[in-house]
There are 2 protein chains.
Amino acid sequence: MRHAVILAGGGGTRLWPASRTRRPKQFLPIGTDPSETLLAATGRRLRADATWVVTGADYAAAVKEILPNARVLVEPAARNTAAAVGLAARAIAAADPEGIIGVFPSDQSIAGEDAFRAAADLAYRLAAGEDAIVALGIRPTRPETGFGYLEPDGPGPDGSLRVARFIEKPDAAAAARYVAAGYLWNAGIFFFRAARILAEIRAHLPRLAAALDDGDWSALPSISLDYGIMERATGILAVPGDFGWNDVGSFNALADIRAPDAQGNVAQGLLVAHDATGNVTGADPGHLIALVGVSDLVVVQAGDAVLVLPRDRAQDVREIVRLLRERGLDRYL
Amino acid sequence: MRHAVILAGGGGTRLWPASRTRRPKQFLPIGTDPSETLLAATGRRLRADATWVVTGADYAAAVKEILPNARVLVEPAARNTAAAVGLAARAIAAADPEGIIGVFPSDQSIAGEDAFRAAADLAYRLAAGEDAIVALGIRPTRPETGFGYLEPDGPGPDGSLRVARFIEKPDAAAAARYVAAGYLWNAGIFFFRAARILAEIRAHLPRLAAALDDGDWSALPSISLDYGIMERATGILAVPGDFGWNDVGSFNALADIRAPDAQGNVAQGLLVAHDATGNVTGADPGHLIALVGVSDLVVVQAGDAVLVLPRDRAQDVREIVRLLRERGLDRYL
């Protein structure tokens, strides 16, 4: 059976103030459809036989509401993606020893759903037939320094590529070389047999294997699946493609995901603009953003906070997060 | 007896979204003290024997809460300042036939309260002793086109000036000439005997006199005290001064009223700024504005709306008001 494992335990502050500790990015309607949360879209676009969601205790109720047919696994503690995938793999292996797993982050936007499903279908087949670890590899559109890359090493079966190695977020010069050399973005979407990933965990992450046995996660280090397994495993394949994939890493990404309005602004929620263009705005339902004479700004109202910054500095929301912590204003995070 | 008449019936949209139909500017804490509404400050700074507030039925309860010792007169309908002053003058004349009235808008900020009270004291005395109409005249700090001007005509008693005429809002060239020639801003602050103003109303505004008699305001035209009386009456005096007077005509005015913080921003409510200077911000209590990398903007959150515009275009909030009406979004006004 094909199992989809959706990772929905994440926090993160890049979408502050829309994303908060209590409502992380996956619960925001910031994908292609402004009425659908990223988590709901992730669940909807999959075509697995069973869907599992790994999340934290604080988010379990919200997950169940959004994906009522999924089986929700609550992590004893947030310990990054290796632990989350390990937890799911154990549960799946117990229920379905021959189960094939696809792992999907819950906070990405994918516009090309048919192409995505075709690639996932191939990846599931390769994971089963070749007992491979298979990654979806996104064809880069820019020398992005915010993603990891997959270095290809010639063709694999059925149009896939063999992966020479996983590369962590590069600097700008390296990113440019990688894009020129045909490397792929690592989207964090992986496929493998449950038994295979559990074997990899036993081989490379023995402390995680032990924690999965005894349920004690208190001293477990926080390790990503990429770093803990993918950079060490061999025989990895990539299914390349361009699925209109977007990790929605900042509000600026909304301008890539959605078409602008007649005035050249991209608005989530209500916007009234006069002589204002190129802005990206977000407002809670029932709330209004009004702009006059400004351009290329991000303006976001969410709950009790408003953020304004230039689009080309959208990543600098981190400075606000830092200041809020510094000043004891964590209640706004 | 000295009576203070505070005019608190006004609406206006220049401070949108902080000011709304249901909560006009006089109910906002946007004067020198960020914890005091303009109306409360107006009432507090006066030293009259009795205080009267003229307002609309919708605002009467809020006025009573802010100024519990004032006598509140509810206008049958909003008909501008001549009618409001007429209503108060009648009530005062009935209670105190020799009463002297000072008229004060409820939505101005005055930093120099001692100087203001000294000027008002002189103006009350002149209104009583000379049976004069006396205006406070603000010494201009810039060739403002948003105010009316008083043309002086030589000295009057006790340091006052005789007023040759009242001038409505001029164009920029005329404003520059007026400032150079020593004209004064008309602050809408006037003093007169109750009997005197009622006589002027009978002489110049017979329809208003009739409406004050029969209480039927339905067909009464909307006429300002300036236009209806001041431009026609004779023997008017002005008491000149600079009281740190500010009519808070836009959010930009906050930068004149309050000292900037260490980063050069002026904030009403909570602001967290990184690499952002020269901004004027406003937020409801408990709400937060966060700015990165922007300068010289007005950013206001109030209730369910957020406004962003450059400080030098602060008056263009009118364009938003127009668009809201055009699009049937009046509920945000």
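- A donor atom on one side chain and an acceptor atom on the other are found under 3.5 Å apart for B:Gln301 and B:Asp284.
- Interface remark: of the candidates B:Leu307, B:Leu309, B:Val292, B:Val292 forms the most heavy-atom pairs closer than 4.5 Å to chain A.
- Residue B:Val299 touches chain A through its side chain alone, counting heavy-atom pairs closer than 4.5 Å.
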Report the C-alpha separation of A:Ile30 and A:Leu254 in whole Å, then their side-chain angles, then the decisive distance to 0.1 Å, and conclude whether the side chain to side chain contact (heavy atoms under 4.5 Å, CB included) test is met. CA-CA 7 Å; A:Ile30 51 174; A:Leu254 273 188; 4.2 Å; yes

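- Aromatic rings from A:Phe251 and A:Trp16 are positioned such that their centres are separated by 6.0 Å or more.
- Counting only N and O atoms by type, the side chains of B:Asp226 and B:Asn186 include a donor and acceptor under 3.5 Å apart.
- Listed options A:Val294, A:Asp275, A:Ile320, A:Val300 were ranked by heavy-atom pairs under 4.5 angstrom with chain B; first place goes to A:Ile320.
- Residue B:Ala276: no heavy atom, backbone or side chain, is found under 4.5 Å from chain A.
- With no hydrogens or angles considered, no side-chain donor-acceptor pair links B:Thr281 and B:Asn279 at under 3.5 Å.
- Top candidate by heavy-atom pairs under 4.5 Å with chain B, chosen from A:Val272, A:Leu323, A:Asp316, A:Asp304, is A:Asp304.
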